[in-house]
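A short worksheet on the structure shown next.
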Amino acid sequence: MLATSVSHVEPSIELANLVSEKVRAWYSANQRNLSFRHTKDPYLIWLSEIILQQTQVKQGLPYYEKFKDTFPTVEALAGASQDEVLRLWQGLGYYSRGRNLHHTAQIITEAHKGIFPNSYTELLKLKGIGSYTAAAIASFAFGEAVAVLDGNVFRVLARLFGVDTDITSGAGKRIFSDLAAKILCPEQSAMHNYAMMEFGSQLCKPHHPDCVNCPLQEVCVANQKGRQRELPFKAKKIKLKEKFFHYLVVQKDGLYAFNKRDDSNIWAGLYEFPLIETLSHHAPLPSCELLAEPKKHLLIHQKLWIHFWQVAELPSASSSTGWFSAQQIETLPKPKPITEFCAKLCKI
DNA sequence: CATGCGTGGGG
DNA sequence: TCCCCAAGCAT
């Protein structure tokens with residue numbers, strides 16, 4: 001599944017040109033009619049780009065229109081109060097975008113005397129403008145030859161060139177920005193960037209890419225190999241899950257109930273007290289006595305809460321339990337929390 | 001570099 | 001129900 005070192009296709013100049021030409025031709029015939037694409041006013045382009053960060057056009061468009069009507073210029077936006085701006089932003093989410101928008105409008109109005117910074121490098125210095133937005137404004141408003149790299153472009157490039165490097169990793173960012181730069185048509189950067197994003201959002205879609213009608217199907221690695229579904233590759237976000245382990249300390253005739261863990265889980269093959277896993281700290285059985293404070297045990301993507309309960313008898317359900325003396329247990333391989341608990345138990 | 005930040009929609 | 005995704009950025 002996960003490939004660490006994969007030799008994806010390195011596009012030749014010819015292939016790079018072909019890709020840009022085909023995508024731009026597709027765009028000319030298939031682009032949606034979106035008002036913010038029909039302006040070169042850097043203020044309006046900036047406004048639309050901020051609103052559309054992590055936001056679908058359908059959701060953001062009404063906000064763009066509202067802001068454009070209410071604040072037609074950067075000075076008008078700068079002159080508003082933060083409350084007015086956030087009131088207009090209400091419901092769109094990611095409210096720091098609204099705060100930064102207002103703040104940056106004031107910087108441009110005052111420090112830049114109302115003149116919008118006109119290069120990728122200068123734009124990047126403004127609050128709320130990162131690499132994507134700087135490239136978007138620089139190319140759309142000023143024709144600078146910089147390639148945008150957003151979620152759509154990641155997807156198009158990953159599929160087209162068969163790149164299965166994790167797009168969230170540092171290595172991935174490098175590979176994809178190199179590829180994006182390589183296929184950019186410098187004389188047509190605005191059109192190229194619009195086209196790449198539109199192509200990704202309308203044809204090379206995440207779930208049902210329209211490969212049958214794709215002008216690049218013959219050069220697309222994912223299409224050749226049927227890997228559209230796997231690309232782009234993102235490492236699964238590791239969510240720290242909380243688990244509650246309850247160990248039952250049961251003594252019978254001087255022997256302790258003790259089990260060997262099966263090999264399909266953590267601590268495979270090690271020994272432990274009979275275990276009940278629940279969803280809370282609460283006692284797992286009606287009559288049992290807590291022997292120690294719950295112990296936190298951190299694994300790579302799990303937080304375990306370990307409890308030890310003294311119990312008179314084993315629940316009838318538990319099977320295949322062995323019985324061992326304290327001396328025998330001492331010699332058995334055990335997980336760290338069990339070892340620690342046993343050590344404490346011996347001292348008492 | 002991992003995480004938090006919002007809301008709406010789809011599988 | 002849950003997870004992923006949508007024109008990312010700041011910390």
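The chains referred to below are lettered A, B, ... by the order of the sequence lines, with proteins before strands, and numbering in each begins at 1.
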Phosphate OP1/OP2 of C:dA6: any A:K58 side-chain N/O under 4.0 Å: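 So the side-chain polar atoms of A:K58 never come under 4.0 Å of the phosphate oxygens OP1 or OP2 of C:dA6.
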
Side-chain N,O (A:Q54) to OP1/OP2 (C:dG8) below 4.0 Å: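 So the side chain of A:Q54 is within the cut-off, an N or O lying under 4.0 Å from OP1 or OP2 of C:dG8.
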
Given [options], which nucleotide is nearest the side-chain atoms of [X]?
| X | options | answer |
| --- | --- | --- |
| A:K234 | C:dA7, C:dC5, B:dG6 | C:dC5 |
| A:Q59 | B:dG6, C:dA7, C:dA10 | B:dG6 |
| A:R37 | C:dA7, C:dA6, B:dG6 | C:dA7 |
| A:S131 | C:dC9, C:dA7, B:dG6 | C:dC9 |

Between [N] and [M], how far apart are the two [atom1] atoms, rounded to whole Å?
| N | M | atom1 | value |
| --- | --- | --- | --- |
| C:dC4 | B:dT3 | P | 14 Å |
| B:dG4 | C:dC3 | P | 15 Å |
| B:dG8 | C:dC9 | P | 22 Å |
| B:dC5 | C:dA7 | P | 22 Å |

At under 4.0 Å between heavy atoms, what does [X] touch on the DNA or RNA strands: base, sugar-phosphate, or nothing?
| X | value |
| --- | --- |
| A:T133 | sugar-phosphate |
| A:F36 | base |
| A:T168 | nothing |
| A:L34 | base |
| A:G91 | sugar-phosphate |

Without decimals, in angstroms, what is the distance between [X] [atom1] and [N] [atom2]?
| X | N | atom1 | atom2 | answer |
| --- | --- | --- | --- | --- |
| A:W89 | B:dC5 | CH2 | C1' | 13 Å |
| A:R229 | B:dG10 | CZ | C1' | 16 Å |
| A:Y95 | C:dC9 | OH | C1' | 17 Å |
| A:D150 | C:dC9 | CG | P | 10 Å |
| A:Y132 | C:dA7 | OH | C1' | 4 Å |
| A:Q56 | C:dC4 | CD | P | 17 Å |
| A:R97 | C:dT11 | CZ | P | 16 Å |
| A:H207 | B:dG9 | NE2 | P | 15 Å |

Which residue lies more 5' along DNA chain B, comparing A:Q53 with A:S169 via nearest heavy atoms: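 So the residue in question is A:S169.
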
5' priority, DNA chain B, between A:H208 and A:R99 [closest heavy atom]: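 Going by which nucleotide is closer to the 5' end, it is A:R99.
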
From CA spacing to verdict: side chain to side chain contact (heavy atoms under 4.5 Å, CB included), A:S48, A:F67: CA-CA 9 Å; A:S48 69; A:F67 270 85; over 6 Å; no

Check: A:L101 main-chain N/O paired with A:T104 side-chain donor or acceptor under 3.5 Å: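 Such a contact is absent between A:T104 side chain and A:L101 backbone.
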
A:K127 vs A:E49, nearer the 5' end of DNA chain C by closest nucleotide: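 Of the two residues, A:E49 wins.
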
DNA chain C: 5'-proximal contact among A:V57 and A:I129 (nearest heavy atom):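 Closest to the 5' end, via its nearest nucleotide, is A:V57.
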
Residue pair A:K68, A:F36: steps toward the side chain to side chain contact (heavy atoms under 4.5 Å, CB included) verdict: CA-CA 10 Å; A:K68 185 162 69 84; A:F36 47 83; over 6 Å; no

Pair A:F199 + A:Y27: ring centers closer than 6.0 Å: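 No; A:Y27 has its ring centre 6.0 Å or more from that of A:F199.
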
Residues A:Y132 and A:Q53: side-chain donor-acceptor under 3.5 angstrom: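 Not at all, the side chains of A:Y132 and A:Q53 share no donor-acceptor pair under 3.5 Å.
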
Gap separating the CG atom of A:N118 from the NE2 atom of A:H112, nearest 0.5 angstrom: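 Those atoms lie 10.5 Å apart.
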
